[in-house]
Amino acid sequence: MCGVVGYVGYRKAAPILINGLKRLEYRGYDSAGLVALDKDNQPRRYRGVGRVKNLEKQIQGEDLVATCGISHTRWATHGKPTEGNAHPHADISNKFFVVHNGIIENHAKLRAQLEADGVTFSSETDTEVIVQLVGRNFKGSLEGAVEEVLKVIEGTFGIAVVSSEDPGKIVAARRGSPVVLGIGRDEMFIASDVGALVPYTDQVVYLEDNDLAVMTATDYQVLSFDHVPIKRKTSMIDWTVEEGERGDYPHFMLKEIYEQAETVRNAMRGRVQLSEGVAVLGGLQSKIHQIQHLKKLIIVSCGTSYHAGMIGRHIFENLTEISVEVELASEFRYRRLRLDETVGVIAISQSGETIDTLAAIREARRKGALTIGLVNVVGSTIARETECGVYCHAGPEIGVASTKIFVSQLVILNLMALLIGRYQSVSLSEGINIIKCLQELPDQISGILKNAPRLEELARKYEKFPNCLFIGRQIHHPVALEGALKLKEISYIHAEGYAAGEMKHGPISLIDENFPTLALVSGDASYEKMISNIQEIKARSGPVIIVTSKRTAEMDEFADDVFEVPSTHELLQPILSVVPLQLYSYYCARFRGCEIDKPRNLAKSVTVE
Ligand code: G6P
């Protein structure tokens, strides 16, 4: 979604803004822009459709000495991606500028009022009302004007505002969309995502909802919307610049797939005690008594994190006595829920900022449930707003298609369930067995990655087909969903994930020689049924690729291709089975010439509803 970067200090603002925007490119966007206020306070605004590098070309050769500015990458919601709709937006006097992430819900009404008052709008965006109103309310202080506007706008926003009438200052405000301040020496930064700030400072202040911040080169202040000063603590960023770099990999997605052995190690580091067969999760310690006695767990999440949640249900069902539901956060929040302190709501979110997941935990908390976070980004809103939780510690994930964080989420769901299960009926030997299997995973993942050329071959063979079905049963059903999601989001091949038992209830009508199926077959009780499904597909001439941990002669007989993964504990098997699906999707996308790290229309962090 939209990215925001601002700078005020002693250095030239434009290169810092451009670099910051580049670091946010992974969030997904369709246009970009910046405004810099020169020494004489003449605003210099540049905007364009497409990539940040186009914006960079526009400012090449321009003498931009300004040391204060704001910038933006836009992911269109209101109005098409055009130069006129790109941020920063200006008021009619061309003295006030805003960049905005979020949606102003009452923009139509405000726009009509302003137009009736003679204001001519220059864009179709909801955002422009903010800046027109700031201009109208300005009486000498930029923060004063912004405070007036915050009283009338409804919806979600993370904004940054500058003006040539009150130079050397950035005013920011947040409700619903993330805003983080970067604190430097004689310079201050603002961004929608810490990733933009990593090269410049490791000291950050996360704004809470209904916070306003006023920044100058040497100082910052956080205030309520009613101008009451608020103390917000400074946090340290725990990412390094290198972690956000691609290195020798052609794409971040490939780099992240290859990091997964390490991701698993990081998710487990210091969190298991083999001799006791237990998991040690410091972030759950303060609530462990309540957690042990929960009657129900509801896992809420979106996208790939939702698939992790679906696998989590199997894990908790097998290792704990707690009944488990898993629900899309966007649906959960609108249900008539009966929640109390015997219900735990686990929010799984890579970014910790997904708006539906955030809304779901707010709703759960309001109704008295215990909220638990499983989040990667340290200090993110969901991490702050859940009562207890566990971090993935997987480092930044830049590729829009989530890979290493998914694997990390699965490891931690196993650790969470083991932690609870050992207070319940999981035996010492079962606990030890799971930990031993967890510890073997990194080497097993490395083994799969060594077979990447085989997946490249398979992708070469099948990428020409415009459709693909993924099927699996039990714990492998969500893996099938995840495989289909990966393929469609980056290669634009139409892919569907199905519980194999549903084949006869619809999807089989699609099967012919041009419609391949990727089947996840495990050696468990579902084996015979999966083999029957595969035969049914073959009887209709459908090509079949099997991914399995238990290769049999039957598989070789019925399938066109078989890819083997190492075998592990059945609750951990998805961690291994998903790796070839990620690589398969990656290579299909590469052969089809797709922009893998930034697929069209997608955003890494979905901060609007
Ligand atoms: C977007 C991303 C997905 C991600 C989903 C949930 O759709 O493109 O990769 O799985 O949001 O994000 P979260 O940060 O909450 O895990």
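In this chain, residues are counted from 1 in sequence order. What you see is a predicted model, and the numbers here were worked out from it, not measured in a lab. Read the numbers this way: they start at 1 and go in the same order the structure lists the ligands and their atoms. The figures here come from the full heavy-atom set of this structure, side chains too, leaving out hydrogens, waters and symmetry mates.
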(message) Using a strict threshold of under 4.0 Å (side-chain N to carboxylate O), is an ion pair present between R335 and E331?
(response) no
(request) May I ask you to identify the nearest protein heavy atom to atom 12 (O) of ligand 1, giving residue, atom name and distance to one decimal place in Å? (result) T354 OG1, 3.3 Å
(message) To check your reading of the model: name the closest protein heavy atom to atom 5 (C) of ligand 1, its residue, and the distance in Å.
(response) C302 O, 3.9 Å
(message) Distance under 4.0 Å to a non-hydrogen atom of S402: what atoms of ligand 1 satisfy this?
(response) 9 (O)
(request) Kindly assign one of parallel, tilted or perpendicular to the pair H251 and Y586, based on the angle between their ring planes and the thresholds 30° and 60°. (result) perpendicular
(request) Could you tell me which non-hydrogen atom of I18 sits nearest to which non-hydrogen atom of V52, and how far apart they are? (result) O-CG1, 4.0 Å
(request) Quick one: look up the protein heavy atom nearest atom 10 (O) of ligand 1 and list residue, atom name and how far away it is. (result) T304 N, 3.0 Å
(request) Taking only heavy atoms of S305 into account, list the atoms of ligand 1 that are under 4.0 Å away from them. (result) 10 (O), 13 (P), 16 (O)
(message) Evaluate E489 for polar contact with ligand 1, using N/O atom pairs at a separation under 3.5 Å.
(response) no
(request) Determine the sole option in D211, T156, N210 for which the side-chain hydrogen bond (donor to acceptor under 3.5 Å, both in side chains) test with R175 is passed. (result) N210
(message) I need the nearest protein heavy-atom contact for atom 11 (O) of ligand 1: residue, atom name and distance, please.
(response) K604 O, 3.9 Å
(message) Closer than 4.0 angstrom, basic N to acidic O: yes or no for E385 and R362?
(response) yes
(message) To the closest 0.5 Å, what do you measure between CD1 (I372) and CG (L281)?
(response) 11.0 Å
(request) Please could you name the atoms of ligand 1 that V400 approaches to less than 4.0 Å, counting only its heavy atoms? (result) 8 (O), 9 (O)
(message) How far is atom 1 (C) of ligand 1 from the closest protein heavy atom, and which atom is that?
(response) A603 O, 3.5 Å
(message) Please determine whether side-chain contact (heavy atoms from CB on, under 4.5 Å) holds for the pair T263 and T403, giving the CA-CA distance in whole Å, both sets of side-chain angles, and the decisive distance to 0.1 Å.
(response) CA-CA 10 Å; T263 308; T403 52; over 6 Å; no
(request) Give yes or no for whether the N/O distance cutoff of 3.5 Å, strictly under, is met between T357 and ligand 1. (result) no
